Novice: 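What follows is a structure written as C-alpha cells; I'll ask about it next.
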2 protein chains.
Amino acid sequence: MARRATAPVVNDLDARKASILEAVVSEHIDTAQPVGSSSVASSSDIVVSSATVRSEMVSLEREGYLAQPHTSAGRVPTDKGYRYFVDHLKSGVLGDVQQQQVSEFFANVRGEVEDVLEQTSMLLSQMTHYTSVVLGATLSHASILSSQLVNIDAHHQLLVTVFSDGSVTKHSLTPPFEVDYETCAEASRQLNALLIGTLLESVVQVPSRGDHVAALVRDAVAALHAQAPTVDGDKVFIGGSSRVADAFDGVETVRQVLSILEQELLVVSLVEDMLKRGLSVAIGAENGFEPLSTCAVIVAPVTIDGAPAGAVGLLGPTRMKYREAMAAAGAVSQHLARHFGGDEEHAEH
Amino acid sequence: MARRATAPVVNDLDARKASILEAVVSEHIDTAQPVGSSSVASSSDIVVSSATVRSEMVSLEREGYLAQPHTSAGRVPTDKGYRYFVDHLKSGVLGDVQQQQVSEFFANVRGEVEDVLEQTSMLLSQMTHYTSVVLGATLSHASILSSQLVNIDAHHQLLVTVFSDGSVTKHSLTPPFEVDYETCAEASRQLNALLIGTLLESVVQVPSRGDHVAALVRDAVAALHAQAPTVDGDKVFIGGSSRVADAFDGVETVRQVLSILEQELLVVSLVEDMLKRGLSVAIGAENGFEPLSTCAVIVAPVTIDGAPAGAVGLLGPTRMKYREAMAAAGAVSQHLARHFGGDEEHAEH
DNA sequence: GGCTGGCACTCGGTAGAATCGAGTGCTAAC
DNA sequence: GTTAGCACTCGATTCTACCGAGTGCCAGCC
C-alpha cells in the first residue's frame, strides 16, 4: 500500500506545487467550479500569496496537471492532476457513522450469496452516492458437488448442478425423444458418477453411445461444457444506477454511462481488467472506454484466504470524492471478505 | 355561449373535436412542441380554418383535453387528452421490418427461460427506444418436482428445489451442528417424500422431532416457506434503462424514473396492478406513482393456454409513440406466449 | 532570487432593453 | 356556423452594457 517510490519518479512535484495541486483538486471536487488562485492562497496549508500561487499554477498547467477552461477563469484538474492527487492520497478512514452502518449491515444481512451481494451493492451506493458494482467470484475453480437431472415432462429435462462454492446452475434439455421417469433417473445417476468432484473447466465432452440415457447424458454434459466460459455473467450487481443522473451533467453523458452499465459483461471486463493491472482507481481515459472518459472507477478486490473472490467497485465523475469513496469501497470489500470468509472458518473456531 | 347541449356525454367528442384532438396529440408526440391552430388546420383531415380550430381548441381546453403552457403558445395534450387519444387509437400493426425482427429473434433465441426473457427485454427496448420490462410468471401455482439437500461442508447445506415450471430455487442452511453425508442424504430423502408434488404455497411448517435429520428437514421447509410470498422478485428484466435519459428532459425527472426502475419490486407491483385493473396503458397519474407522473406505461399480458404467464411492458414519456409501442408490446407478448406455449404443446402435436 | 502588491486586461455570466414572431382571442362580415 | 382580419400577448432571441472573478506581468521589496 505504501507505494512511495525511492527511485527518480518522473512525476513528482516539489512540496509547494503538490499542496497547491491538492488544494485545487480538493476544492474543485467540492465545488465543481474552476478554482482561482486566491481561494487556493487562502486555503489553510498554503502560506504564499495568490501571485505566487498563480505562477505555480502556470507551471502546473504547463506540466499537464491543470487546465484552464478559458483565459480569466480558474483552473480545473486534468486527469493527470487527479491521478497525482489520488496517488498521494493518504488513505482515509470511514466516518464513524458509516463505519457503524457497514458493521450493522453485515451483522444483520441474511440470505443467499446473491442477495447479500445485491444488498451490498445498494449499501455501497447509498453510502457514497455513486453507482456501485459488486462482482461475485467466478466459479471456475469450484468443483461439482451434485448434478441432477429432473424430468419436467416427457420432452423437458432440467439439469441442476450444484458447485462447491454454493452456486447452482440449471440447463434445460429438450431431447427429440420421449423420456420417462426411469430413463431420466438413470441418466441422473450416470451424470452424478461422471461429474461429482470434477471442475467445471475440466468437464469433457462425452461421446454418445446411441441409447436414450446416453444421449441425455451427452446433452447434459455438452450443456455444462458450453456454459463454462461465460459462467460469471450472473454475478454482477449494480446498485444505484440512478446516481449517474446527478453525478454527471449533460444528458448525453448520462445516457452513455447508463448504456455502458447496461452491458454487464462490459462492466465485468472493465473491473477485471483493472484488477489484473493492479489498478485500484482508473481516472478518465485510464479505464479504456471512450464513453467513460469523464468517469473515475474505483475497485477493491475481495480476497478470501488469499484467493480472489470478487470485487466491489464505484463509478463516479472524475471529480468524485476519492478519499471517502475509496474508504467505503475498502471497508465494504473487507467486510464482505470477512462475511464469507468468516463463515468458511466456522469449523475452525 | 350556446354550447351544444344535447346529451351530457361525459367522455365523447364530436367528430371534428376528436380529429382536432387527434391532430394535436399526434403532432405533439412528433415534435414535443406545443401545437398551434394553424398547423392543425393544415393537417390532412382537417377541413376547417384555423380560426375554427382555435375556437374548438378553447372548448377542448375547457373540457380538460388540452392545456396551454402560457397564453400565446400552442396547445399541449393533458393526460386526459392522451387518454382519449389512446382509447380511440385504431390498433396499429408492426412495420414489416420490425415484424421480421421479432420473428427472427424468436426463431433464433436459445437458452434458459431467464435468458430468453432478458434478451426479449432488450429486443423490445431496442425496437421501441423505450425502457422495457419483462415479467416472468410467478410460480405460486407450480408444484415441486424435486427437492434436494446438498452437503457443501459440515456446516453448510444447500436446499435446491426444482418446480414444475422449470424454475429452480436454492436456500442455504447453516445448522448449529455438524452434518455428515449420510445425515444430509437422509434429510434429502425425507424432504423429497414430503414435498414432491405439493405447491409452494401449500408447504407447511414441520415440527422438529429433535434429531439432526429432523432439524435439517424442518429448517429446509422453513426456508422454503419463508420464500413463498416473495418468490417472483427474480423474474423481472428491465431493458434499455439508458433510454430514460433521452425520453425525458430534466435531469431530476431522469433520476426519479431511474430510481423507481431500480426498485424492481415496485415495478412488478405497478405492472401487476395494471393487469389487475385491466389497463393496458397507464398515462401520467394513472399509474399511481407520483414520480412517474410524466410517464406512460404500456403493458401486454403474456397468456399461455388461457393462464397468465407474465407480461411485457414499456415505459416512456406521456408523449410516447403509443401506436408503435403498443404494437411492439403486443407482438412481443404474443411471440413470447407462442415461444413458451408452443414448447409446452410439443407433446400434443 | 524568489516573493509580493499592484495593475491592466480578459472574458464568461448576468441583467436589461429591444425585437421577433408564433399563436391567441375577438369581432365583423359572409 | 364559419372565416378573414387584426390587435395583442408573451416566450424566445438578440444585443449591449457591465460586472467581477481571475489572470499575467512587472516593479519593488526582503
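Owing to the predicted nature of the structure, the values given are computational and were not obtained by experimental measurement. Just so we're on the same page: letters track the sequence lines, and every chain starts at 1.
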Novice: What's the CG-P distance between A:Asp14 and C:dC3, to the nearest Å?
Specialist: 10 Å
Novice: Just checking, is any N or O donor in the side chain of B:Thr52 or B:Glu56 under 3.5 Å from an acceptor N or O on the other one?
Specialist: no
Novice: Quickly work out the A:Arg75 CZ to C:dC11 P distance and round it to whole Å.
Specialist: 14 Å
Novice: Once you round it to whole Å, what is the distance between C1' of D:dC25 and CE of A:Met57?
Specialist: 17 Å
Novice: Roughly, in whole Å, what's the span from CD in A:Gln33 to C1' in D:dG22?
Specialist: 13 Å
Novice: Going by distance alone, is a donor N or O of one side chain under 3.5 Å from an acceptor N or O of the other, for B:Ser39 and B:Ser42?
Specialist: no
Novice: Do the non-hydrogen side-chain atoms of B:Arg75 and B:Val35 ever get within less than 4.5 Å of each other?
Specialist: no
Novice: Is atom CG of B:Asp246 surrounded by more than 12 heavy atoms (other residues, nucleotides or ligands) closer than 6.0 Å?
Specialist: yes
Novice: Could you tell me how far apart A:Ile20 (CD1) and C:dG2 (C1') are, to the nearest whole angstrom?
Specialist: 14 Å
Novice: Can you tell me if B:Ser19 uses its side chain to pair, donor with acceptor, with the backbone of B:Ala15 under 3.5 Å?
Specialist: yes
Novice: What is the distance, to the nearest angstrom, from the CD1 atom on B:Ile46 to the C1' atom on D:dT3?
Specialist: 16 Å
Novice: Sort me out a list of protein N/O and nucleotides 7-11 of chain D N/O pairs below 3.5 Å, or just none if empty.
Specialist:
{"residue": "D:dT9", "atom": "O2", "partner": "B:Ser72", "partner atom": "OG", "Å": "2.9"}
{"residue": "D:dC10", "atom": "OP1", "partner": "B:Thr71", "partner atom": "OG1", "Å": "3.4"}
{"residue": "D:dC10", "atom": "O4'", "partner": "B:Ser72", "partner atom": "OG", "Å": "3.2"}

Novice: Answer whether the closest heavy-atom distance between the side chains of A:Gln256 and A:Phe289 falls below 4.5 Å.
Specialist: no
Novice: Between the protein and nucleotides 4-6 of chain C, which nitrogen or oxygen pairs are less than 3.5 angstrom apart?
Specialist:
{"residue": "C:dT4", "atom": "OP2", "partner": "A:Ser49", "partner atom": "N", "Å": "2.8"}
{"residue": "C:dT4", "atom": "OP2", "partner": "A:Ser49", "partner atom": "OG", "Å": "3.3"}
{"residue": "C:dT4", "atom": "OP2", "partner": "A:Thr52", "partner atom": "OG1", "Å": "2.7"}
{"residue": "C:dG6", "atom": "O6", "partner": "A:Arg54", "partner atom": "NH2", "Å": "3.2"}

Novice: Any salt bridge (Lys or Arg N to Asp or Glu O under 4.0 Å) pairs touching residues 30-55 of chain B, not counting sequence neighbours?
Specialist: none
Novice: Is there a side-chain contact between B:Glu286 and B:Asp79 in this structure, where contact means two heavy atoms from C-beta onward sitting under 4.5 Å apart?
Specialist: no
